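Just so it is clear, the model here is predicted, and its values are computed rather than measured. The chains referred to below are lettered A, B, ... by the order of the sequence lines, with proteins before strands, and numbering in each begins at 1.
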2 protein chains.
Amino acid sequence: MELDERKIKILDTIIRTYLETGEPVGSRTISKYTDLNLSSATIRNEMSDLEELGYIIQPHTSAGRIPSDKGYRFYVDHLMQAKDKEISDMKDFVIEHTERIDSVLKQLAQILSYTTNYATLITSQVNRDNAIKFVQISKVDEDQLLAVVVMGKNVVKNKVINLVEPIDNETLMKLNFILNNGLNGKSPADISLGVISGLKEQAGEHVDIVSVVLDAIAETISQEDLEVYTSGATNIFKYPELSSSENASNLIYALEEKKELAEFVSENFDGDDEIKVYIGDESDIKTMKDCSVVTATYDLGDGMKGTVGIIGPKRMDYEKVMSNLKEIKKQMSGLFNSNKTKGIEVKSDG
Amino acid sequence: MELDERKIKILDTIIRTYLETGEPVGSRTISKYTDLNLSSATIRNEMSDLEELGYIIQPHTSAGRIPSDKGYRFYVDHLMQAKDKEISDMKDFVIEHTERIDSVLKQLAQILSYTTNYATLITSQVNRDNAIKFVQISKVDEDQLLAVVVMGKNVVKNKVINLVEPIDNETLMKLNFILNNGLNGKSPADISLGVISGLKEQAGEHVDIVSVVLDAIAETISQEDLEVYTSGATNIFKYPELSSSENASNLIYALEEKKELAEFVSENFDGDDEIKVYIGDESDIKTMKDCSVVTATYDLGDGMKGTVGIIGPKRMDYEKVMSNLKEIKKQMSGLFNSNKTKGIEVKSDG
DNA sequence: TATTAGCACTCTTTTTTATCGAGTGCTAAC
DNA sequence: GTTAGCACTCGATAAAAAAGAGTGCTAATA
């Protein structure tokens with residue numbers, strides 16, 4: 001048995017109706033609201049076929065049909081049309097031009113969850129192979145040093161070092177020379193044990209300080225690695241199928257903890273430009289088995305990439321969500337380039 | 001009518017039993033589980049009095065009694081004993097010695113919510129009048145500068161400055177001198193318009209750079225002002241009286257948004273050493289009318305103070321919560337002093 | 001006078017039973 | 001191939017009944 005034109009039309013109607021109402025769709029509804037001019041009995045036969053083919057499901061005898069995961073998949077892949085024109089409300093979200101990337105992402109997550117009525121997540125992913133551009137140790141006062149490491153993409157890391165005994169300016173200059181000489185241009189992957197012991201040897205009695213600098217570098221790569229911002233967790237209460245107490249608790253927990261989300265995102269991050277849709281189990285997160293997740297990658301330039309994701313019920317408005325994400329992608333790429341023209345560009349890591 | 005010895009004992013039993021079970025407490029229960037050796041009928045009379053006095057409430061005729069807010073208040077103020085000895089599980093929570101204050105606080109919130117089974121919040125409040133210790137501008141490469149500002153309490157702020165035209169070393173040294181000379185030792189409050197225009201004048205054509213440094217300072221005070229970390233929002237699903245869908249949604253929203261919490265905390269922050277309990281409406285947050293909030297202030301030394309709060313149902317285990325908070329206070333004050341002995345102490349702001 | 005046993009009464013909760021109605025599947029007719 | 005018709009299923013809603021917990025009051029008791 002194959003999906004013919006008519007079956008597809010019926011499937012399409014079932015899914016669209018279900019997306020709107022969240023209620024199982026019956027044969028009579030279809031017969032009335034399509035231009036097929038078929039009686040409910042005929043529709044019933046077709047629906048029976050569609051069920052056998054796995055596109056729709058009957059929650060119980062004597063209920064209408066709802067889309068199965070396979071049905072949603074078919075819809076997303078073949079039936080849905082891009083709704084590119086209708087994103088008026090999203091069109092230009094106004095983000096104050098703070099330079100702090102994290103607060104921008106946080107804000108963006110909020111806006112998105114507000115306009116879509118789904119839960120959202122945004123991650124920032126800094127590229128791992130990030131060369132060290134500059135290292136400097138300076139004396140803040142008699143018993144305190146400040147170590148600063150600047151890596152590519154202007155990621156800056158600093159640490160305050162409390163000294164037990166003072167250090168003279170000459171030694172400081174020497175250390176700065178050793179460190180810059182040994183580290184500049186290297187990405188963390190390049191810093192082998194050999195490099196480290198070489199540095200330590202040169203540092204002589206001030207090994208401690210070299211260690212601190214290396215720590216700072218290590219911390220930078222591990223910690224900046226993946227930050228996840230979420231918003232709109234409570235939106236799930238708007239969809240009864242997600243808010244049965246147990247379900248809600250698990251979902252919100254996942255959104256609060258973020259760990260699992262981070263794993264999911266980093267596993268599925270491959271930098272390509274597509275908007276992806278994960279329906280039910282496709283996302284591999286157990287708590288999301290009743291959800292769909294739509295993700296897009298963005299690119300802020302300077303190698304700052306990341307993921308924007310929207311989490312909602314399977315019956316989410318895929319068309320709207322996807323066109324929103326498309327718009328976001330576009331806007332974000334423009335976001336951090338606009339103030340380069342002012343002559344001075346400022347970035348900060350907080 | 002007055003509260004005599006016996007009434008107090010009965011009230012105490014009602015509250016303790018209700019804290020455990022969450023169910024209205026009946027007269028027979030009291031009569032069985034106290035050593036008063038009174039029949040349920042006598043207890044009933046006493047309960048009737050207690051209700052008249054406003055300490056307990058009957059949810060409906062033919063239900064037992066539950067404590068009123070006034071009852072809880074009396075319990076917290078007079079009946080509860082500090083349970084100082086029984087905090088075994090809390091005794092030494094192991095926090096990896098990351099030096100990043102925010103990740104410590106985040107972790108701590110998690111541990112607390114996990115051990116108490118309530119929602120938790122932790123804020124860090126950096127004292128506003130924070131003097132500038134050190135300012136430095138250095139050349140990262142031909143068209144990039146890095147500005148670093150170290151303020152008291154080792155709060156470090158840095159910004160990357162992209163140059164339109166190169167700057168020579170001499171100018172850089174001059175700028176550094178001007179900035180340090182003009183800013184060191186000053187707290188943000190001291191930096192008047194006069195100081196600013198003085199600096200700008202001295203900087204000549206490099207006004208831009210001075211502005212950036214001032215921006216960094218401004219940002220530091222405004223942004224570090226109050227950060228709120230929450231954890232364990234989903235714990236509220238463990239208490240039926242809080243998890244009726246509407247309630248849960250509002251509560252979790254408040255915990256997610258954090259804004260209202262921040263306001264609440266900063267309004268009630270007065271740096272004194274007491275552990276405070278807000279029952280129901282006492283907290284002034286509408287969504288928390290069915291909750292109790294217990295807060296404590298901590299002090300990390302160096303003027304870093306903040307609040308730890310626990311949010312749970314009114315029938316929370318006040319004794320345990322309060323002794324946990326006491327323990328936390330103690331441990332936190334030790335937290336950032338312990339590694340001073342290692343010869344090198346490290347702090348960082350990320 | 002304080003306490004208690006006894007009992008009718010109230011109100012929630014749980015269980016049971018009945019009813020409704022949407023929707024199906026099947027058969028037979030068109 | 002399509003459709004009308006009809007018996008049947010099963011969830012949802014409603015109504016009724018039963019169970020239970022706890023009270024308030026009265027009258028008896030120590």
Side-chain angles (χ1 to χ4, degrees), chain A residues 1-11 13-15 17-18 20-68 71 240-241 243-244, chain B residues 1-11 13-15 17-18 20-68 71 240-241 243-244:
Chain A
M1 189 168 29
E2 276 297 296
L3 271 187
D4 57 25
E5 201 62 29
R6 197 170 72 177
K7 283 192 174 57
I8 291 177
K9 177 133 196 181
I10 291 169
L11 179 59
T13 312
I14 291 174
I15 297 181
T17 314
Y18 184 71
E20 262 179 46
T21 64
E23 303 276 292
V25 184
S27 54
R28 230 176 82 81
T29 315
I30 307 279
S31 124
K32 270 195 296 189
Y33 296 111
T34 41
D35 47 6
L36 288 171
N37 275 45
L38 293 172
S39 77
S40 62
T42 314
I43 304 287
R44 276 204 288 283
N45 292 329
E46 295 288 54
M47 281 167 91
S48 170
D49 290 353
L50 282 170
E51 181 163 16
E52 201 178 320
L53 288 165
Y55 292 101
I56 52 180
I57 296 174
Q58 217 175 354
H60 57 87
T61 358
S62 88
R65 306 300 211 289
I66 63 175
S68 68
E241 66 265 47
S243 54
S244 71
Chain B
M1 189 167 30
E2 275 296 296
L3 272 186
D4 57 25
E5 201 61 31
R6 197 170 73 176
K7 282 193 174 55
I8 290 179
K9 177 134 195 178
I10 290 170
L11 179 58
T13 312
I14 291 174
I15 297 180
T17 313
Y18 184 70
E20 263 179 46
T21 64
E23 301 277 291
V25 183
S27 55
R28 231 178 79 82
T29 315
I30 307 277
S31 127
K32 270 198 294 189
Y33 297 113
T34 39
D35 47 5
L36 289 171
N37 276 43
L38 294 172
S39 77
S40 61
T42 315
I43 304 287
R44 275 204 288 284
N45 292 329
E46 293 289 52
M47 282 167 89
S48 171
D49 290 354
L50 281 170
E51 182 163 13
E52 201 177 320
L53 288 166
Y55 292 101
I56 54 180
I57 296 175
Q58 218 175 353
H60 57 86
T61 359
S62 88
R65 305 300 211 291
I66 63 175
S68 68
E241 67 265 47
S243 54
S244 70

### Task
Only counting residues at least two apart or in another chain, list the ones meeting side chain to side chain donor-acceptor pair (under 3.5 Å) with Glu241(B).
Arg315(B)
### Task
With rounding to the nearest 0.5 Å, note down the distance linking CD in Glu46(B) to CG in Asp4(B).
6.0 Å
### Task
Examine distances only and state if a side-chain atom of Ser31(B) and a backbone atom of Ser27(B) form a donor-acceptor pair shorter than 3.5 Å.
no
### Message
Without decimals, in angstroms, what is the distance between Leu50(A) CG and dG25(C) P?
### Response
12 Å
### Query
Which pair of non-hydrogen atoms, one from Ile15(A) and one from Gly71(A), has the smallest distance, and what is that distance?
CD1-O, 3.4 Å
### Query
Minimum heavy-atom separation for Leu53(A) to Lys7(A), with atom names?
CD1-CD, 4.3 Å
### Query
What are the residues of residues 24-35 of chain B, sorted by number, that bring a heavy atom to within less than 4.0 Å of DNA chain C?
none
#### Entry: Set of side chain to side chain contact (heavy atoms under 4.5 Å, CB included) partners for Thr61(A), sequence neighbours left out
none
### Query
To the nearest 0.5 Å, how far apart are CE in Met47(B) and OG1 in Thr42(B)?
12.5 Å
### Summary
Correct closest heavy-atom pair for Val25(B) and Ile14(B) would be CG2-O, 3.7 Å
Report, one pair per line, the protein and nucleotides 8-11 of chain C atoms (nitrogen or oxygen only) whose separation is under 3.5 Å.
unit_1	atom_1	unit_2	atom_2	d
dT10(C)	O2	Ser62(B)	OG	3.2
dC11(C)	O4'	Ser62(B)	OG	3.3
dC11(C)	O2	Ser62(B)	OG	3.2

### Task
Answer yes or no: is there a side-chain heavy-atom contact under 4.5 Å between Ile10(A) and Ile43(A)?
yes
### Side-chain donor/acceptor of Thr13(A) to backbone N/O of Lys9(A), under 3.5 Å
yes
### Task
Taking only heavy atoms on the protein side, list every residue of residues 37-46 of chain B lying under 4.0 Å from any atom of DNA chain C, sorted numerically.
Asn37(B), Leu38(B), Ser39(B), Ala41(B), Thr42(B), Arg44(B), Asn45(B)
### Query
Arg65(B) pairs by salt bridge (Lys or Arg N to Asp or Glu O under 4.0 Å) with which of Glu51(B), Glu52(B), Glu23(B)?
Glu51(B)
### Summary
Heavy-atom nearest pair, Ser68(B) first then Gly54(B), reads OG-O, 2.7 Å
### Query
Can you tell me how far P of dG1(D) sits from CG of Leu36(A), to the nearest Å?
17 Å
### Query
Over how many whole Å does the gap from Asp49(B) atom CG to dA2(C) atom P extend?
12 Å
### Length of the CD1-C1' vector between Ile14(A) and dG23(C), whole Å
13 Å
#### Entry: Rounded interatomic separation in angstrom, taking CD from Gln58(B) and C1' from dA21(D)
12 Å
### Axial bend angle, the helix from dT1(C)-dA30(D) to dC30(C)-dG1(D): five-pair end segments, nearest 10°
20°
#### Entry: Reported CD1-to-CG distance for the pair Ile8(B) and Leu50(B), which is rounded to 0.5 angstrom
9.5 Å
#### Entry: Atom-to-atom span, OH of Tyr18(A) to P of dG23(C) - whole angstrom
14 Å
### Query
Can you tell me how far P of dG1(D) sits from NZ of Lys7(A), to the nearest Å?
10 Å
### Message
Distance check needed: dG1(D) P versus Asp4(A) CG, whole Å only.
### Response
11 Å
